[in-house]
Amino acid sequence: MTAKICIILAISVYLLGMLYVGWRSAKRSRNTDDFYLGGRKLGPLVTAMSAEASDMSSYLLMGLPGLAYLTGTADVGWTVLGLAIGTYLNWLIVARRIRCYTHLTGSITLPDFFSKRYHDQKNILCGIAAVIIIIFFIPYTASGFAACGKLFQSLFGVDYMAAMLVSAAVIVLYCAMGGFLAASTTDFIQSVIMTIALLAILLFGVHLAGGFGNVIENARSLPGYLSMALTHDPVTGAAKSYGALSAVSMLAWGLGYFGMPHVLLRFMAIENADKLKLSRRVASVWVVIAMGVAVFIGLVGNAATRAGNIGALEGSASETIIVRFADALSHHGVLAALLAGMVLAGILASTMSTSDSQLLAASSSISQNLLQDFFGVKMSKKTTMILARLTVVLIALIGVFLARDPNSSVFGIVSFAWAGFGAAFGPVVLFALFWKRSNRYGALAGMLAGGAMVFVWKYLVRPLGGLWDIYELLPAFLVASLCIVVVSLATKAPDAAVTAEFDRAKTL
C-alpha cells in the first residue's frame, strides 16, 4: 500500500507540474502566432528536447524495449538506425531552411507554409494539408489517450475510461491554456523525466538480471538474438533470417521525419536560426542514447526473466517490461517507490509529449488553416484565440471517443500515421525548400499521391507478401517525389515573384 501511495504521489506531482506550466504559458500566449508557434521564442535546448520528446512517444519506453525483449536486436536495431539517421538529417538540412523560409513568408503552420511558399492564393494546398493532418493526427492522439488509460488501469486496477479521461483532461488543460509554448516547455520537462526513467530502470534491471555479464551471456545463448542479419523467434526459440529487404524497410522509418508537422514546428519556432547547430547536436545525441538504452532495457528484461525475477512476457505484454521493473523497484522502500513513480511518470510523459503536439497540430489545421485560410472566415484576434482553445477541446473529445474501448486496435495506426505524414508531406517539404522549379501543381500532386499510396500499399500491395512486404512509407515517398518532379516539369514554371522569394530564403 505504501508503494502505491508513493507512486500516486509522484505521478500527481508530475501532472500538477504540467498544469502549472500551462497556466504560466497562458500569460504569454496573446495571439495565434504565440498559441501555435510560441512567438518564435524557443531557446535551443527547449527546441531540441521538445522536438525529440514529441517525436518519440510511448514507442521509446514501451515499443522498443518490448520488441527487443522478444526478438533481439535486428528489428529494433535497423529501426533505431533509420530513426537516428532521419533525425540528424532533418536537423542538418531542413531545420535552418524551414525556419528562415517560414519567417520570411510569415507562416505559422506547415499547411500555411505550403500555400505561401507557392503563392497559392486560393489556399488549396493549405486546405488539403489540413485535411491530411486531421485524418492522421486525431486517431494518433486517441492512441496516446488510450496508452495513459491502460497504464493506470494495469497499475492500480482503476476504471480504464476514468483514467483516460483524467490523463486527457490534463493534456487538454495545459494545451488550451498555454498552446505551443506550454506544449514545448512541458515536452522539455518530459524529456528530462524520460531520461531519468530510462537510466533508473537500466541500473535496477541489470541488478535484477544478476549483473551486466549475465545480460550478455543470456543474449548470446538465444539464437539470433544479438545479430543484425538474424532475428530470434520467441515461439520456437530458433533464429530466423532477417533479409536486406526487411532492413531497408525498417531504415525507411527515418524518411518520416521530413514530414512530421509537430517536429517541423519546433524548427519554425526557434528564436534564432543560428542556434540550431546546438539544438541539432543535443537532439541527435539524446536520441541515440535514449533509443540505445531503451533497446538494452529489453535485453536486460529478458535476462531478468530467465533469472526468475521478472515474470515471462509474451506478445504485446512485452511492452510493459519497464512497468514490471518499476513495480519491482517500488517494493524497496519509500525512496525507491518515489523513483518508481517517476519512472511511470516517464511513460506518461512519453505519451503526453506526443499527444499535446498532435493536439495542437490538428487544432491549428481546423481553426487556422481550414476555417480562416481556406474558407476565408474573418475573426477578431480575441475570437481567434477562443476558437483555437475550443478546437483543442473538441479534438480531444473526438480522440477520447475513438479510444473509449480498452481493447481497440487504435495503437496499430501509429506506424500508419507516421507513413502518412512522411509520404504526404516529406517530399513536398524537401522540394519546396531545395528545388526552385517545383510549383504548386507538383506539390499538390505529390501530397495527394503520397497520401493515397500509403493506403494502397498498406491494404492492397503489402498483403501480397514476399518482395511486396515493405513498410508503406518507402514506396509512397518515392511515388510522391516522382509526381512532384514530373508534374512540376509538365506544367508552367513558377513566376518571378515565387523564385525571387526562394532565392531570398536561401541567403538568410
Side-chain angles (χ1 to χ4, degrees), residues 2-4 6-11 13-14 49 52-53 56 58-70 72-73 76-77 80 84 151 154-155 188-222 225-226 282 285-313 317-351 353:
T2 302
K4 285 195 173 183
C6 290
I7 290 174
I8 292 173
L9 178 62
I11 292 177
V13 169
Y14 160 73
M49 299 304 286
E52 300 318 314
M56 282 292 119
S58 56
Y59 187 69
L60 178 66
L61 296 185
M62 299 178 79
L64 286 178
L67 189 55
Y69 176 96
L70 291 176
T73 57
V76 290
V80 164
L151 174 63
S154 64
L155 279 173
F188 174 73
I189 296 169
Q190 287 158 351
S191 68
V192 174
I193 295 173
M194 289 157 64
T195 303
I196 295 172
L198 284 168
L199 295 177
I201 287 302
L202 176 63
L203 295 174
F204 181 70
V206 169
H207 168 71
L208 282 188
F212 182 79
N214 280 359
V215 174
I216 301 302
E217 184 180 342
N218 175 71
R220 286 175 175 169
S221 71
L222 300 173
Y225 202 72
L226 287 182
V282 172
V285 170
W286 185 83
V287 160
V288 170
I289 294 175
M291 290 194 296
V293 171
V295 170
F296 192 65
I297 285 174
L299 309 187
V300 171
N302 193 294
T305 294
R306 291 283 288 270
N309 292 319
I310 293 290
L313 303 172
S318 64
E319 294 185 348
T320 64
I321 182 60
I322 288 184
V323 177
R324 302 300 176 91
F325 275 140
D327 182 58
L329 176 62
S330 69
H331 295 97
H332 287 72
V334 173
L335 289 178
L338 289 172
L339 181 58
M342 182 174 287
V343 169
L344 296 170
I347 297 178
L348 267 183
S350 67
T351 302
S353 60

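Keep in mind that this is a model prediction, so the values were computed, not measured.
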One should read off an interatomic distance between L203 CG and H207 NE2, to the nearest 0.5 angstrom, of 11.0 Å
To the nearest 0.5 Å, atom CZ of R324 lies from atom CD1 of I310 at 8.0 Å
Without swapping roles, check the side chain of S330 against the backbone of A337 for a donor-acceptor pair under 3.5 Å.
-> no
Indicate the atoms forming the closest heavy-atom contact of V215 with A209, along with that distance.
-> CG2-CB, 3.7 Å
So, H331 side chain and D327 main chain: donor-acceptor pair closer than 3.5 Å or not?
-> yes
Closest non-hydrogen contact found for T305 with G311 is OG1-O, 3.6 Å
Shortest non-hydrogen separation from G72 to L299 and the atoms involved = CA-CD2, 4.4 Å
Report the distance from atom SG of C6 to atom CG of L335, rounding to the nearest 0.5 Å.
-> 8.5 Å
Considering all heavy atoms, the nearest M291-A84 contact | CE-N, 3.9 Å
In terms of heavy-atom contacts, N302 and L222 come closest through OD1-CD1, 3.6 Å
Verdict with supporting geometry, I289 and L198, side chain to side chain contact (heavy atoms under 4.5 Å, CB included) = CA-CA 10 Å; I289 294 175; L198 284 168; over 6 Å; no
Rounded distance [0.5 Å steps], CG in L9 versus CE in M342 | 10.5 Å
Note, V300 side chain near I321 side chain (heavy atom, < 4.5 Å) = no
Can you see which heavy atom on F325 is nearest to which on F204, and at what distance?
-> O-CE2, 3.5 Å
dist L313:CG -> T320:OG1 (nearest 0.5 Å) comes out at 5.0 Å
What distance do L64 atom CG and L67 atom CG have between them, rounded to the nearest 0.5 Å?
-> 7.5 Å
Donor-acceptor pair, Y69 side chain versus I297 backbone, under 3.5 Å?
-> no
Full working for side chain to side chain contact (heavy atoms under 4.5 Å, CB included) between I196 and V192 | CA-CA 6 Å; I196 295 172; V192 174; 4.2 Å; yes
